[in-house]
Amino acid sequence: MGVAVGVHLRRVTEVDNRVDGDGTAQDGVVLTGAQVGQAGGVVGPADETSGAEDRRLLYGVSWGSTLILAYAQTHPERVTEAVISSVTTTRRSEIDWLYRGAGQIFPEAWHTFRASVPEATGPTGLVTAYAHRMESPDPAVRERATAAWCAWEDAVLSMEAAPGLPPYSSRPGPAQQALVRICAHYFSHGAWLRENQLIDEAHRLTGIPAALIHGRFDLGGPLITAWELDRAWPDAELTVIANAGHLGGPATKRAVLAALDGFAAA
C-alpha cells in the first residue's frame with residue numbers, strides 16, 4: 001500500500017505479524033511467552049528517556065491491531081493517533097469463530113482442517129493441537145500442519161480473494177510456517193489477554209484519535225469487534241466498507257490513506 005502525500009509530517013509505525021525476544025528459534029521465528037501487553041519490542045524499542053519526539057502514529061491490519069491496542073493501552077503517552085484496518089482483539093470468542101464457527105459456512109474445508117489434528121479435544125483444543133504440531137522436531141509434521149492451516153485460512157477468504165493464487169498457501173514455505181507458528185502459539189493462549197481486555201480497557205486510549213476501518217463482509221473477523229471497540233474508544237471513528245471483507249480492496253485502501261492524510265494535516 002502506498003503512503004499518502006503528507007504522511008511524512010507524522011512518525012508512522014506499521015505493526016505487522018512478528019515477534020521479538022528470547023525463545024525457541026525455528027523457521028526464522030522466535031516465540032516467547034511474553035504477554036502481548038508488553039509489546040514494546042513489537043512496536044519499537046522502549047526508551048524511557050524518550051519524549052514527545054518519540055511519539056508516533058500506529059498503523060496495522062488484522063493481528064497487528066491487537067498489538068497496536070495492547071501497546072497503546074500500556075504506553076498511551078507514546079501514541080499520537082492510530083489507523084487500524086480489519087480490526088481484531090484476539091478474544092477467545094474471535095478465535096473460536098475463525099477456527100470453529102466459520103466452519104458452518106465452509107463445512108467441507110473445516111472438516112479437512114479438523115481431521116488434520118485428530119488428537120484435538122474440546123472446543124478450544126483445535127488451535128492448541130496445531131500449536132503443538134508446529135513445535136514438532138519433525139519437519140514433515142510441521143509442513144503438513146502448515147499446509148492444513150493455510151488451506152483453511154484460504155477457504156475463509158475464498159469469497160473475497162481475487163482470482164489467482166490463494167493468499168496463504170501461495171506464500172513461500174518458510175513464510176507460511178512462520179505465520180502459522182506465530183498464530184497458533186498466540187491464539188492458543190488467547191494472546192495472554194483477559195477475555196475482552198482490549199475493549200474493556202479502551203478508555204485508556206482517551207485522547208488518542210483513531211480511524212477504525214472494517215469490511216462488512218469480513219468472515220475472518222466479523223464487524224462486531226470493530227463496532228464494540230468503536231463504542232468503547234471515545235476518540236475512535238469507525239468506517240464500514242460496504243462491499244469489503246478481511247482483505248479489503250480499493251475502498252479500504254482509500255479510507256486508510258484518507259485517515260493517514262487527515263492525521264498528517266492536523
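This one's a predicted model, so the numbers in the text were calculated from it and none came from an experiment.
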Side-chain heavy atoms of W233 within contact of I208, under 4.5 Å:
yes
Mind checking the CG-CG spacing from L198 to L229? Nearest 0.5 Å is all I need.
8.5 Å
State, with a plain yes or no, whether a side-chain heavy atom of T124 is found less than 4.5 Å away from one of D96.
no
With side-chain contact (heavy atoms from CB on, under 4.5 Å) as the test, would you mind laying out the steps for I95 and V127 before giving the verdict?
CA-CA 9 Å; I95 296 166; V127 174; 4.1 Å; yes
Evaluate the criterion salt bridge (charged side-chain N to carboxylate O under 4.0 Å, His left out) for residue pair E228 and R231; output intermediate values, then yes/no.
CA-CA 5 Å; E228 290 177 349; R231 289 170 60 86; over 6 Å; no
Do F263 and Y59 pass the ring-ring contact (aromatic ring centres under 6.0 Å, His included) test, and can you show the C-alpha distance, the side-chain angles, and the key distance before you say yes or no?
CA-CA 12 Å; F263 288 138; Y59 164 64; over 10 Å; no
Stepwise side-chain contact (heavy atoms from CB on, under 4.5 Å) test for T89 and I199:
CA-CA 8 Å; T89 65; I199 293 177; 4.2 Å; yes
Let me see the working for R181 and E135 under salt bridge (charged side-chain N to carboxylate O under 4.0 Å, His left out), right down to the final yes or no.
CA-CA 8 Å; R181 289 190 69 229; E135 297 308 311; 2.9 Å; yes
Side-chain donor-acceptor pair under 3.5 Å between R91 and T225, yes or no?
yes
Between T252 and A244 the two heavy atoms that sit nearest each other are OG1-CB, 3.7 Å
From C150 SG over to Q176 CD, what is the distance, rounded to the nearest 0.5 angstrom?
4.0 Å
Do you know which two heavy atoms are closest between A155 and A109, and how far apart they sit?
CB-CB, 3.6 Å
Mind telling me whether H189 and W192 have parallel, tilted or perpendicular rings, with 30° and 60° as the class edges?
parallel
For A131 and H185, work out which heavy atoms get closest and say how close.
CB-N, 4.3 Å
Using a cut-off of 6.0 Å, state whether more than 12 heavy atoms not belonging to D200 lie near its atom CG.
yes
Closest heavy-atom pair, A232 versus P234, reported as atoms and distance to 0.1 Å, is O-CD, 3.4 Å
Is any side-chain heavy atom of T74 closer than 4.5 Å to one of Y71?
no
Is the side chain of Q197 donor-acceptor paired with the backbone N or O of R194 at a distance under 3.5 Å, no angle test?
yes
Side chain to side chain donor-acceptor pair (under 3.5 Å) contacts touching residues 148-164 (sequence neighbours left out)
Y99-E153, W149-E153, D154-S169
CD (E195) with more than 12 external heavy atoms under 6.0 Å
yes
CZ (R100) and CH2 (W97) are apart, to the nearest 0.5 Å, by 11.0 Å
Does T88 form a side-chain hydrogen bond (donor to acceptor under 3.5 Å, both in side chains) with S62? I'd like the steps, not just the answer.
CA-CA 6 Å; T88 66; S62 190; 4.7 Å; no
Kindly say whether A129 contributes a backbone atom to a donor-acceptor pair with the side chain of R133 at under 3.5 angstrom?
no
Using modelled atom types only, decide if a donor and an acceptor are shared between the side chain of R144 and the backbone of A147 within a distance under 3.5 Å.
no
Linking I/L/V/M/F/W/Y whenever any side-chain heavy atoms sit under 4.5 Å apart, do I105 and W110 land together?
yes
So how far is it from I84 CD1 to L238 CG, rounded to the nearest 0.5 Å?
11.0 Å
One should read off an interatomic distance between I241 CD1 and I213 CD1, to the nearest 0.5 angstrom, of 6.5 Å
Determine whether R55 and E81 satisfy the following criterion, salt bridge (charged side-chain N to carboxylate O under 4.0 Å, His left out), listing intermediate values before the conclusion.
CA-CA 9 Å; R55 301 178 70 224; E81 304 95 359; over 6 Å; no
Mind checking whether V180 and L165 sit in one hydrophobic cluster, side chains of I, L, V, M, F, W, Y counted as touching below 4.5 Å?
no
Do L126 and R114 come close enough that some side-chain heavy atom pair is under 4.5 Å?
yes
Is there a side-chain contact between H246 and S86, using heavy atoms and a 4.5 Å cut-off?
yes
Dump the intermediate steps for side-chain contact (heavy atoms from CB on, under 4.5 Å) on L260 and L57, then the final yes or no.
CA-CA 9 Å; L260 291 170; L57 181 155; 3.7 Å; yes
Less than 4.5 Å apart, side chain to side chain, heavy atoms only: is that true for R78 and R56?
no
Crowded around H111 NE2? As in, over 12 foreign heavy atoms under 6.0 Å?
no
Do we see a donor-acceptor contact under 3.5 Å between the side chains of H214 and S85?
no
Short side-chain to backbone donor-acceptor contact, R142 and S136, under 3.5 Å
yes
For a 4.5 angstrom cut-off between non-hydrogen side-chain atoms, does S188 reach Y130?
no
Taking atom CG of L212 and atom CD of E237, what is their separation to the nearest 0.5 Å?
9.0 Å
Under the side-chain contact (heavy atoms from CB on, under 4.5 Å) rule, what do V156 and L98 come out as? Steps first, then yes or no, please.
CA-CA 8 Å; V156 175; L98 177 56; 4.1 Å; yes
Would you check if the side chain of D235 reaches a backbone N or O of G207 as a donor-acceptor pair within less than 3.5 Å?
yes
Would M159 and L157 show up in the same hydrophobic cluster when neighbours are defined by side-chain heavy atoms closer than 4.5 Å?
yes
Would you indicate whether the side-chain heavy atoms of L69 and L205 approach each other to under 4.5 Å?
yes
